[in-house]
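Values below: all heavy atoms of this structure, side chains included; hydrogens, waters and symmetry mates excluded. Nothing here was measured: the structure is a model prediction, and the numbers come from that model.
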There are 2 protein chains.
Amino acid sequence: MPLEPSTPVDPRTPRADAQRNRDRILAEAAALVAEQGTQASLRDVARRAGVGLGTLYRHFPTREDLLEALLGRRFDHLAARADTLAATEPAERALTDWLYEFTLDAGAYQGLPATLMATLEDPESALYAGCLRMRQAGGRLLAAAQRDGLIRPDVTPLDVFALANALSWITDRAPTLTERRDHLFRLVLDGFRPRP
Amino acid sequence: MPLEPSTPVDPRTPRADAQRNRDRILAEAAALVAEQGTQASLRDVARRAGVGLGTLYRHFPTREDLLEALLGRRFDHLAARADTLAATEPAERALTDWLYEFTLDAGAYQGLPATLMATLEDPESALYAGCLRMRQAGGRLLAAAQRDGLIRPDVTPLDVFALANALSWITDRAPTLTERRDHLFRLVLDGFRPRP
DNA sequence: ACCTGAACACCGTTCAAGT
DNA sequence: ACCTGAACACCGTTCAAGT
């Protein structure tokens, strides 16, 4: 009969030093990605966090894993926000307001629109689930607006996701056009409305 | 009194070996960029062309210089095409046909939409002139369509350039959506039309 | 004039050796 | 279990030395 372990160990409770390293990595990653975008050097992140390069890779095997850790909460918030809007606003306002907020969030980091868009091609990406939740949240608002005849029936959740990311990308690559952002947003959204 | 040079040298006629190197670099660059996109390794280009790395940099000091050499003819063709369409087609058709062709060309190489868009922020880029020609060509077609009341007056040539690039970018990052390309194109263009 | 390639300062990723 | 950093195979860019 096996001995009880002298100190009870919950496998889900990581060692204290591991947890501390993870936190440091995340803090520095948040700072560096905010500064330099999603393509920031992982070496730099490890350096600034004061951990070995291997430690970073152990905690976050891919760049997407790291980004997911940075963005997860934001995704959750945005998904919940869709349901709030659906419950409190008319269908069209709910859709447009949510899409606008999504567009802002997708531009939170330089390079993020490209990262999110590329996720569509890679279901194994750590960001895939988050993007899917965004597409589903947007899809629910879209369906409601379509049910009311406010949005063309041939617009899919994927169309919406792609175009919202594309709008974020415009100001991502050409910050000069930030002043044009709201206008471009309205222009694209008008294309979703049925021709009378 | 200075001697005449023994062989008359036109400074605009480069040395034969230089010209040959230039041609080789361009040929290999075209192939590699077609394979791997605008971010293809310049080292690889030099290697494949059989020239030293310094030779590549001498002929094309920046990546944009190289891309301009690859894309210049395409820009010229597209600018001329705008005038042909303006002369032969109704204003709206001319605009939409041209924009569609531009969108295809902007997606000629992987990564090209991002490269073109970034050019807006850098007037010193070798690609700036070509992009400007595209914006002007599109601008003329846009103005004609607006004069006929077919396109909203608050759409600018820059809006059109940005959105056309954004459409190219969608299929650039997510090839899966290529089947959706024409649909997305129509959607965005419908946003340009005046609300009745 | 033009070409070459070593040199420099970076990457991402892996993995043997340590505690 | 977890951490470290050297090792490997790449980059872009510059520039001294060659012809």
Quick one, which residues of residues 18-36 of chain B touch DNA chain C with a heavy atom under 4.0 Å?
B:A18, B:N21
DNA chain C contacts among residues 57-71 of chain B, heavy-atom distance under 4.0 Å
B:R58, B:H59
Could you check whether A:R135 makes a cation-pi contact with A:Y128, meaning its NZ or CZ is under 6.0 Å from the centre of the six-membered ring and within 45° of the ring axis?
yes
Applying side chain to side chain donor-acceptor pair (under 3.5 Å), which residue pairs with at least one partner in residues 32-41 of chain B are found, sequence neighbours left out?
B:E35-B:R48, B:T38-B:T115
Considering only residues two or more places apart or on different chains, which pairs with a residue in residues 22-34 of chain A satisfy side chain to side chain donor-acceptor pair (under 3.5 Å)?
A:Q19-A:D23
Within the sub-3.5 Å range, which N or O atoms of nucleotides 17-19 of chain C have a protein N or O partner, and how far apart are they?
none

How would you list, by chain and number, every residue that makes a side-chain contact (heavy atoms from CB on, under 4.5 Å) with A:S168, sequence neighbours excluded?
A:T103, A:A106, A:P113
A:F60: which residues meet the ring-ring contact (aromatic ring centres under 6.0 Å, His included) condition with it, sequence neighbours left out?
none
Using modelled atom types and a 3.5 Å cut-off, is there a donor and acceptor pairing between side-chain atoms of [X] and backbone atoms of [Y]?
X      : Y      : answer
B:N21  : B:A18  : no
B:H183 : A:D154 : yes
A:E121 : B:R173 : no

Can you say whether the rings of A:F161 and A:F102 are parallel (under 30°), tilted (30 to 60°) or perpendicular (over 60°)?
tilted
Can you check whether A:L66 reaches A:L26 side chain to side chain, under 4.5 Å on heavy atoms?
yes
For B:D122, all residues meeting salt bridge (Lys or Arg N to Asp or Glu O under 4.0 Å), sequence neighbours excluded
none
Nearest-nucleotide wise, let me know which of A:T55 and A:Q39 is further upstream toward the 5' end of DNA chain C.
A:Q39
Under the side-chain hydrogen bond (donor to acceptor under 3.5 Å, both in side chains) test, residues paired with B:R133 that sit two or more places apart
B:D76
Wobble G-U and Watson-Crick pairs count when both distances are under 3.5 Å; given that, what is the 5' to 3' dot-bracket string of DNA chain C, with | for pairing to other strands?
||.|||||...|||||.||
Should A:W169 and A:L158 be regarded as members of a common hydrophobic cluster, given that ILVMFWY residues are connected when their side-chain heavy atoms come within less than 4.5 Å of each other, either directly or indirectly?
yes
Qualifying salt bridge (Lys or Arg N to Asp or Glu O under 4.0 Å) pairs, either residue in residues 85-95 of chain A, two or more places apart:
A:E89-A:R93, A:E92-A:R193, A:R93-A:D97
B:L142 versus B:L95, closest heavy-atom pair with distance:
N-CD1, 3.9 Å
Please list, for nucleotides 7-10 of chain C, all pairs of protein and nucleotide N/O atoms separated by less than 3.5 Å.
| from | atom 1 | to | atom 2 | distance (Å) |
| --- | --- | --- | --- | --- |
| C:dA7 | N6 | B:R43 | NH2 | 3.4 |

